[in-house]
Amino acid sequence: MPTCSVHQPYAISHPRRSILSDPTPRPVRVRFAPSPTGYLHIGGARTALFNWLFARKHKGVFILRIEDTDQKRYTAEAEQDFKDSLHWLGLNWDEGPDVGGEFGPYRQSERSEMYQQWANWLIDNGYAYRCNCTAERLAGLRKEQGKQKVRIGYDRHCRDLNLGPDCGEYVVRFKMPVDGETTVYDEMRGNISFQNADLQDLVLLKSDGLPTYHLANVVDDHFMEISHIMRADEWIATAPLHARLYQAFGWEMPKIAHLPVILSPSGKGKLSKRDQAFEEGGTKILVQVREFREAGYLPEAVVNFLTNVGWAFGDDREEFTPEEAMERFELKDINPSAGKLPFDKLVWLNNQYIMMMAPDALAEKIKPYLEADGLVVDMDKLKAITPYIQERIKTLSEASEWLAFLFKAEITIDDPVQLIQKNMDVDSTLRALKASYDTLKGLGDFSHEQQEKAMRALAEQMGLKAGQLFGSVRVATSGQPVSPPLFQSMEVLGKDVSLKRIEDAIKLLMIDD
RNA sequence: GCCCCCAUCGUCUAGGGGACCAGGACGUGGCCCUUUCAAGGCCAAAACAGGAGUUCGAAUCUCCUUGGGGGCACCA
């Protein structure tokens, strides 16, 4: 028997908003309410995106709310990453930490008093109760249930004990109806029904005085006047609890839609940090938004990409702006089935966006990635060459592979054999390089047009195919069998450096021979 | 084990009873273009998970099976 005093329930009248009787449609207010316990996950970003799209479509308000009630897992660094990532994607919030708003504070740790107050209200009105079962008892219960291959959860030991606030360390649990059923209307799926007998008396307030998600999200959504909830699939199972909570409080429940989750490319479970190590068809699997940024994807491409997973623009269009998407965005059009991210499509889309950019703007975007790879960037050179790599790079970070030879004083040719083109040998290659050297040296105008004119004539004169002659010079000047167009490259490289490199290649080939 | 959700080409999807021997995109293969690599153009292979039912008619509606996913915490 419990040793602590029995708490007598009493009814109090609590001031509360009643919007039940208000027939006017609510203004659209939606929120992204992440728990910053790690870096922003791409699936979280998709949830945020859909909320944002919906808010913008309806000229509503998009709110960022930080759910930091799990003190053990929350980190400030994670919260910063969430904000940075959201900003990077262009998903700006109208209310939230840093921007404020009249429904704040927007960090749950700053609202604990409110949750306690409403938890007490539930107890006082017979909708919830204190439970002082120890963690050991609960663990034992679970173990026993596991042994018997049943899972009925908490046994409601304290449900009718009417424990008072002086019963030691306690949690507050919701008194779920034991019979009947609870139906939740999902905007995408329609009615979802649960037998109350299958539901549990979940914890609302933890023993540290902080609320669980269930209490906090209901109280906050109500007082922040959230009109529509769009959250991940995994919340379906607890949706009936939330519905009962709204009912107990006498509050109107926001309309709700459960977004499909993103699956792991491995085919096993949800996409998770564990998938980061893998790749698919040569494309690295990315999980956190910051990884997409680091890998050189453009935020516009990522947003476009994400919008088309779980929802489709229609008209067989793959490329569109957020503005175009928000015009058509409807909850009912969201595909309720979970799916994988088609990374190959992102690679393609990113290249499409890169090709659409103004070359100078692209050069500016590329610069930091080159510098991150240790290159000292000459902006004039970069801008001059950018138009020629624009259709070749899939990501910004790939630019280094294409351009390093322009920004390095010395290049190395791994294997001199690379200088020798198809159907050629050392001698013919040496002749070709020497003739190219003389031809290029004789040029007064080192523009790529003049180079090409002269070199084509040379090829013909020597009885070589353009690819043979140009290939040797390409390797000589760039150190690579694959490079941006040869003459444009040499123009940017400059006449002196180009000739020097051809000379070095000739020497290399002679020594090697 | 129990509860819930989901199911169209390899992948992302269009499709809301006849307009579908199922359309698009990525990827894949082939051809063209071409100084490499790309980009671009053309062409091709490729799917309604299975079974019952409703209906004159089903990818579309219902049920069952199977498969996948989620949940069953003092985490969100």
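Naming convention: chains lettered A, B, ... in sequence-line order (proteins, then strands); numbering from 1 in each chain.
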Pair assignment for B:C2, Watson-Crick or G-U wobble, requiring both distances under 3.5 Å: B:G71
Using a cut-off of 4.0 Å on non-hydrogen atoms, how would the nucleic acid contact of A:E67 be classed: base, sugar-phosphate, or nothing? sugar-phosphate
Could you give the distance separating B:U8 and B:C2 at their C1' atoms, to the nearest angstrom? 31 Å
Tell me which nucleotide among B:C75, B:C2, B:A25 gets nearest to the side chain of A:D198. B:C2
Main-chain N/O of A:G153 paired with A:Q145 side-chain donor or acceptor, under 3.5 Å: yes
With sugar-phosphate meaning primed atoms plus P, OP1 and OP2, does A:P211 contact a base, only sugar-phosphate, or nothing at under 4.0 Å between heavy atoms? sugar-phosphate
Applying the 3.5 Å cut-off to both distances, the Watson-Crick or G-U partner of B:C20 turns out to be none
B:U60 pairs with, by Watson-Crick or G-U criteria that keep both distances under 3.5 Å: none
Protein-to-nucleotide contact annotation, 5' to 3' order, nucleotides 29-51 of chain B [B base; S sugar-phosphate only; - none; under 4.0 Å, heavy atom]: ------BBBBSS-----------
Considering every strand and a 4.0 Å limit on heavy-atom distances, what is the contact class for A:Y213: base, sugar-phosphate, or nothing? base
Distance below 4.0 Å between A:R73 side-chain N/O and B:A73 OP1 or OP2: no
Can you tell which of B:C3, B:C72, B:A73 lies closest to the side chain of A:R142? B:A73
Heavy-atom side-chain proximity of A:F470 to A:K465 below 4.5 angstrom: no
Is there a Watson-Crick or G-U wobble partner for B:G40 with both distances under 3.5 Å, and if so, which one is it? B:C32
Distance in angstrom units between A:L205 CG and B:A73 P, rounded: 19 Å
Starting from P on B:C26, measure out to CG on A:N350 and report it in whole angstrom. 15 Å
P gap between B:A76 and B:G18, integer Å: 48 Å
N/O (side chain, A:T69) to phosphate O (OP1/OP2, B:A76) under 4.0 Å: yes
Rounded to whole angstrom, note down the P distance from B:A25 over to B:A14. 15 Å
A:N335 near the nucleic acid: base, sugar-phosphate alone, or nothing, with a heavy-atom cut-off under 4.0 Å? sugar-phosphate
Mind running ring pair (Phe, Tyr, Trp, His ring centres under 6.0 Å) on A:Y129 and A:H157 for me, showing each step along the way? CA-CA 11 Å; A:Y129 60 94; A:H157 177 267; over 10 Å; no
Name the one of A:K175, A:R173, A:R159, A:R130 that satisfies salt bridge (Lys or Arg N to Asp or Glu O under 4.0 Å) with A:D201? A:R159
Partner of B:A45 by Watson-Crick or G-U wobble geometry, both contacts under 3.5 Å, or none? none
Residue matched to B:A14 through Watson-Crick or wobble contacts both under 3.5 angstrom: none
Under 4.0 angstrom, heavy atoms only, what part of the nucleic acid is A:A338 near: base, sugar-phosphate, or nothing? nothing
What does A:S193 touch in the nucleic acid at a heavy-atom separation under 4.0 angstrom: a base, only the sugar-phosphate, or nothing? sugar-phosphate
Checking A:E79 against A:Y74: is there a side-chain donor and acceptor pair closer than 3.5 Å? yes
Nearest-Å distance, CD (A:E144) to P (B:C72)? 21 Å
side-chain hydrogen bond (donor to acceptor under 3.5 Å, both in side chains) with A:R31: which of A:D221, A:D220, A:N51? A:D221
Under 4.0 Å between a Lys/Arg side-chain N and an Asp/Glu carboxylate O for A:R328 and A:D333? no
Side-chain donor/acceptor of A:S207 to base of B:C74, under 3.5 Å: yes
For A:E319 and B:C26, give me the distance from atom CD to atom P, rounded to whole Å. 9 Å
For a quick test of reading the model: is some side-chain N or O of A:R173 closer than 4.0 Å to OP1 or OP2 of B:C74? yes
Within the structure shown, what part of the strands sits under 4.0 Å from A:K270 by heavy-atom distance: base, sugar-phosphate, or nothing? sugar-phosphate
For the C1' atoms, the ones on B:U60 and on B:C20, what distance do you get once it is rounded to whole angstrom? 11 Å
Gap between atoms CD1 and P, on A:I334 and B:C5 respectively (whole Å): 18 Å
What is the separation between atom CG on A:N191 and atom C1' on B:C5, rounded to the nearest whole Å? 14 Å
To the nearest angstrom, how far is A:R231 atom CZ from B:G70 atom C1'? 13 Å
Interatomic distance at P, B:G1 relative to B:A19, whole Å: 42 Å
Please classify the nucleic acid contact of A:G314 as base, sugar-phosphate, or nothing, using heavy-atom distances under 4.0 Å. nothing
P atom, B:C6 versus B:G53: distance in rounded Å? 25 Å
State whether A:R137 and A:D155 are salt-bridged, where the test is any N-O pair (Lys NZ or Arg NE/NH1/NH2 against Asp/Glu carboxylate O) under 4.0 Å. yes
What does A:N196 touch in the nucleic acid at a heavy-atom separation under 4.0 angstrom: a base, only the sugar-phosphate, or nothing? nothing
Select base, sugar-phosphate, or nothing to describe what A:K268 touches, counting heavy atoms under 4.0 Å on all strands. sugar-phosphate
Report yes if at least one side-chain N or O of A:K332 is closer than 4.0 Å to OP1 or OP2 of B:G16; otherwise report no. no
Before accepting this row, confirm whether a basic side-chain N of the pair A:K394/A:E398 lies closer than 4.0 Å to the acidic partner's carboxylate O. no
Just to verify, which of A:W311, A:F32, A:F329 counts as forming a ring-ring contact (aromatic ring centres under 6.0 Å, His included) with A:F50? A:F329
Assess the pair A:F305 and A:W348: is the distance between their ring centroids shorter than 6.0 Å? no
Using Watson-Crick or G-U wobble geometry with both distances under 3.5 Å, which nucleotide pairs with B:A7? B:U66
Heavy atoms only, 4.0 Å cut-off, all strands: where does A:Q390 land among base, sugar-phosphate and nothing? nothing
Once you round it to whole Å, what is the distance between P of B:C4 and CD of A:E181? 10 Å
Spacing of the P atoms in B:C61 and B:U28 (rounded, Å): 35 Å
Please work out if A:W235 contacts a base, only the sugar-phosphate, or nothing of the nucleic acid, heavy-atom cut-off 4.0 Å. base
Relative to the ring of A:Y213, is the ring of A:W235 parallel (under 30°), tilted (30 to 60°) or perpendicular (over 60°)? parallel
Base, sugar-phosphate alone, or nothing: which one does A:V309 contact when heavy atoms must sit under 4.0 Å apart? sugar-phosphate
How far, in whole Å, is B:C48 from B:A7 if one measures between their C1' atoms? 10 Å
5'-most contact on RNA chain B (nearest-nucleotide basis), A:D316 vs A:I236, goes to A:I236
